[in-house]
There are 2 protein chains.
Amino acid sequence: MPRPTPPAKEKPTPSPLGAHAEGVTMREVALRAGVSISTVSNVLTGKRERMKTETFERVSAAIAQLSYAPNLLARELKTGFVPIIGLIVPSVANPFWGAFASCMEHEARQRGCHVMLCNSERDVGRELEYAQAMLSRGIRGLILGSSPLSFDHLVGLTERGLKIVAFDRSAQETDLLDMDSVRFDNINGARLAVNHLLGLGHRRIAFVSGPTISCNRIDRLEGFRLAMREAGLEPPASHVWLRNSGSQGGDDDGTEIGRQAALSMLREPDRPTACFAINDQTALGIYSGARELGLHIPHELSVMGFDNISLCRVVDPEVTTIRQPLPELMHEALNLLFGRLDGSLKGPARHLILQPDLVLRGSTAALA
Amino acid sequence: MPRPTPPAKEKPTPSPLGAHAEGVTMREVALRAGVSISTVSNVLTGKRERMKTETFERVSAAIAQLSYAPNLLARELKTGFVPIIGLIVPSVANPFWGAFASCMEHEARQRGCHVMLCNSERDVGRELEYAQAMLSRGIRGLILGSSPLSFDHLVGLTERGLKIVAFDRSAQETDLLDMDSVRFDNINGARLAVNHLLGLGHRRIAFVSGPTISCNRIDRLEGFRLAMREAGLEPPASHVWLRNSGSQGGDDDGTEIGRQAALSMLREPDRPTACFAINDQTALGIYSGARELGLHIPHELSVMGFDNISLCRVVDPEVTTIRQPLPELMHEALNLLFGRLDGSLKGPARHLILQPDLVLRGSTAALA
DNA sequence: ATGAAAGCGCTAACAT
DNA sequence: ATGTTAGCGCTTTCAT
């Protein structure tokens, strides 16, 4: 990216009527108001009790006339305080993470700070690169949405003072890092889903996911297995789909996985009568595959999603799914983060777990 | 947001083995390597030809041992160069803007800079607030995705040196600001859509949109009107839907608008035989409404979307739509922006227009 | 009530 | 080849 054009040799003449303002500094404001630079600073930082009203107004007027805005880089360098929190998600192109980021931004605004949002594309290198860039710019709080399997690469950053709250990931014993986390109870969410299907009479229930590269996937799989086992069922390996779609490029939003799984599983003689998809997009992929095979949802195949993205209500039939209360989660996440940042929260890492709930819609039906 | 905990009184003892590194500075690296601070700087900025290899390696070692990372705030304050471009979109919760942001980030990475992403929620105040914060942090390039009807609120910022490339909006004569822009040819895109429907024999074609609050909406409406007129048709007011869904909250992604429009228009005796929706989400809303009324798509109603979001391929029938080549657009947008930033592009504002194309799928059919 | 001065961590002349 | 120095624009004691 281009460097800025070298500054003009001669000092720019003070603009005629304060019209433009490229690089107006406190000095110029002070000059114009006939006060010292520190008085201007006091106005800026709201310490107006330290001066008489007349002065305050003179300075304010000068600020307005010059349309002066403080250089945040300088201020933040000086104070060490940067009112921004970082947020790293796998990809905002994915509607779930889009909603996630939106909620986060909303909650952060309530607390007077901005959000710096980055996509990791599930690449640890990029995650590290972004986190590093943030910390080096004085950002001290980071929400990590991407939940990689290990946090080891982030150790250096926490040692340099970065506070991290992870989403969807509690530390394991093997972790070098024990960081705060918030998440939904994925095991229980999966259980909710499977129990719903069991309650409808289904026995041949398939689990459809890409590779279990993240903790939530592992947990959802475990919840699936647990619930099945509790019902005395042991799903055959062919009913547990953990494959990548094999599609080229990173464009894979889960839909293709679901489609492939459906096309493969649903042709078998002992085909599942219900599918529990790792997320809503995958569920929609199953819709697509089932349609191609001429199977009617929900009468010939029940489908459950996970996440409750807004798409669920758009398709026919609407997708029965598991809802995760995002705004509450964000609230808790920022409570943790701010607690660490202001030192009010001490001690070992906290791990908050919020309960998801079942959203009953049209994609599941009792077994004929 | 909390301020940082006040720094410890006593100067922190140089850490035992370079283990931690909270606030390691160039001074400490220099000390450890037994060189001056500017030699360290030279290492950092890649001027290794200015020193002998031995020195370079000693400094590098010290950097590694202390896990030193430069303070970007300080560097950027000093140099005035911030390798970040800003991006403001209405809402990343909307899949189109999610994809938009993703493409942007990809293109920016190619050019060695990061993206700072913000949601304006179509609120001029927030847009201004974010743009201001960016400029005050030294960010000098901004891509504006939100295309508000006027840019007047941004005049102050461009005067302070911010370069802006707008998406989906060329300046009007009444604008105070004539900024570079890139966009898709929405008029032509709409024409493509309508001509496709006309070619299938449709005559009663409806236009379905929320209020025409943005330029792309206005253009798509105009394209619709033009194409109809060219075919000698004058759509009745009842076939031009420009209403809000009236749903509470900002959660409105267009789907509800389409649904309401369908429920209302498709009950009339002279109901449209085809709908051209302002975007894909609205098209999906029409799906939902049509389904509720028992109308089959495409045999009883043809539906056209706009944008070609990934959802189009998930629903049944897949949505015929207008594709906009996002990666190309991003490439052009950054060409313009960087041209302005490095001064290689001078003169009046450029307005690039890329042509969209028709993506034929299953939601449109010949009139019976 | 106001101003002078030090310095945040860095880069870039300008010495040596 | 390396070091010294002067700021970038701001906040913050500390004087006055």
Side-chain angles (χ1 to χ4, degrees), chain A residues 3-4 6-7 9 11 21-31 33-59 63 66 68-83 135-138 140 160-161, chain B residues 3-4 6-7 9 11-12 21-31 33-59 62-63 66 68-83 135-138 140 160-161:
Chain A
R3 305 222 144 222
K9 288 287 169 233
K11 181 135 182 84
E22 163 134 19
V24 180
T25 138
M26 271 180 33
R27 258 193 63 253
E28 292 152 62
V29 176
L31 224 61
V35 295
S36 84
I37 198 176
S38 46
T39 299
V40 178
S41 174
N42 282 331
V43 170
L44 253 59
T45 50
K47 288 160 192 137
R48 59 171 300 180
E49 74 281 2
R50 290 201 198 163
M51 68 200 79
K52 43 188 191 211
T53 322
E54 196 271 329
T55 312
F56 177 82
E57 278 162 0
R58 203 145 31 87
V59 173
I63 289 179
L66 298 169
Y68 163 79
N71 181 325
L72 261 28
L73 245 32
R75 172 183 289 175
E76 291 166 356
L77 171 61
K78 177 66 183 166
T79 62
F81 172 67
V82 177
L135 182 54
S136 293
R137 286 203 177 79
R140 320 239 330 181
R160 282 170 58 201
Chain B
R3 304 222 145 221
K9 287 291 170 229
K11 182 136 181 84
E22 161 132 20
V24 180
T25 138
M26 271 179 34
R27 259 194 63 256
E28 292 152 61
V29 177
L31 223 63
V35 296
S36 85
I37 197 175
S38 48
T39 301
V40 178
S41 175
N42 282 332
V43 170
L44 252 61
T45 50
K47 290 161 193 137
R48 58 172 300 178
E49 74 281 2
R50 290 200 199 166
M51 69 200 80
K52 45 184 188 214
T53 324
E54 197 271 330
T55 312
F56 177 82
E57 277 161 3
R58 203 146 29 88
V59 174
I63 289 178
L66 298 169
Y68 164 79
N71 182 324
L72 261 28
L73 247 30
R75 172 183 290 174
E76 291 166 355
L77 171 61
K78 176 66 185 167
T79 63
F81 173 67
V82 177
L135 182 53
S136 293
R137 285 201 178 79
R140 320 240 328 182
R160 282 170 58 201

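Every chain is numbered from 1 and lettered A, B, ... according to where its sequence line falls, protein lines coming before strand lines.
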Next on the checklist: Test side chain to side chain contact (heavy atoms under 4.5 Å, CB included) on A/Arg75 and B/Ser136; report intermediate values, then the result.
Outcome noted: CA-CA 10 Å; A/Arg75 172 183 289 175; B/Ser136 293; over 6 Å; no

Item to check | Residue pair B/Val40, B/Val35: steps toward the side chain to side chain contact (heavy atoms under 4.5 Å, CB included) verdict | outcome: CA-CA 7 Å; B/Val40 178; B/Val35 296; 3.9 Å; yes

Next on the checklist: Between B/Arg48 and B/Thr53, is the side chain to side chain contact (heavy atoms under 4.5 Å, CB included) condition met? List the steps.
Outcome noted: CA-CA 8 Å; B/Arg48 58 172 300 178; B/Thr53 324; 3.6 Å; yes

Checklist entry - Between A/Met26 and A/Glu28, is a side chain to side chain contact (heavy atoms under 4.5 Å, CB included) present by the stated rule, with each step listed? => result CA-CA 5 Å; A/Met26 271 180 33; A/Glu28 292 152 62; over 6 Å; no

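Legend: residues meeting side-chain contact (heavy atoms from CB on, under 4.5 Å) with A/Ile63, ordered by chain and number and at least two apart, are A/Val29, A/Val43, A/Leu44, A/Val59, A/Tyr68. Residues passing the side-chain contact (heavy atoms from CB on, under 4.5 Å) test with A/Lys78, sequence neighbours excluded: none. Applying the salt bridge (charged side-chain N to carboxylate O under 4.0 Å, His left out) test to B/Arg58 and every residue at least two apart in sequence or in another chain returns B/Glu54.
Rounded to whole Å, atom P of C/dG9 lies 9 Å from atom CD of B/Glu28. Rounded to an integer number of Å, the gap from CZ of B/Arg27 to P of C/dG7 is 11 Å. One can place CE of B/Met26 at 13 Å from C1' of C/dC8, the figure rounded to the nearest angstrom. Between B/Lys78 atom NZ and C/dG7 atom C1' the separation is 14 Å, expressed in whole Å.
Rounded to 10°, the helix from C/dA1-D/dT16 to C/dT16-D/dA1 has 40° between the axis fitted to its first five pairs and the one fitted to its last five.
In this structure, A/Met51 CE and A/Thr39 OG1 are separated by 6.0 Å, a value rounded to the nearest 0.5 Å. Separation of atoms CZ (A/Phe56) and CZ (A/Arg50) is listed at 13.5 Å; rounding is to 0.5 Å. Here the NZ atom belonging to A/Lys52 is positioned 12.5 Å from the CD atom belonging to A/Glu57, to the nearest 0.5 angstrom.
Residue contacts for B/Lys52: at a heavy-atom cut-off of 4.0 Å it reaches the sugar-phosphate backbone alone, with no base atom in range.
Here the range on DNA chain D touched by chain B, meaning any atom under 4.0 Å from one of its heavy atoms, is D/dA1 to D/dG9.
OP1 or OP2 of C/dT11 sits under 4.0 Å from a side-chain N or O of B/Arg75.
Both A/Met51 and B/Arg50 sit near DNA chain C, but only A/Met51 has its closest nucleotide nearer the 5' end.
Within residues 33-49 of chain B, the residues that place at least one heavy atom under 4.0 Å from DNA chain C are, in residue-number order, B/Ser38, B/Ser41, B/Thr45, B/Lys47.
Between B/Arg137 and B/Glu76 no salt bridge is recorded (no basic side-chain N to carboxylate O distance below 4.0 Å).
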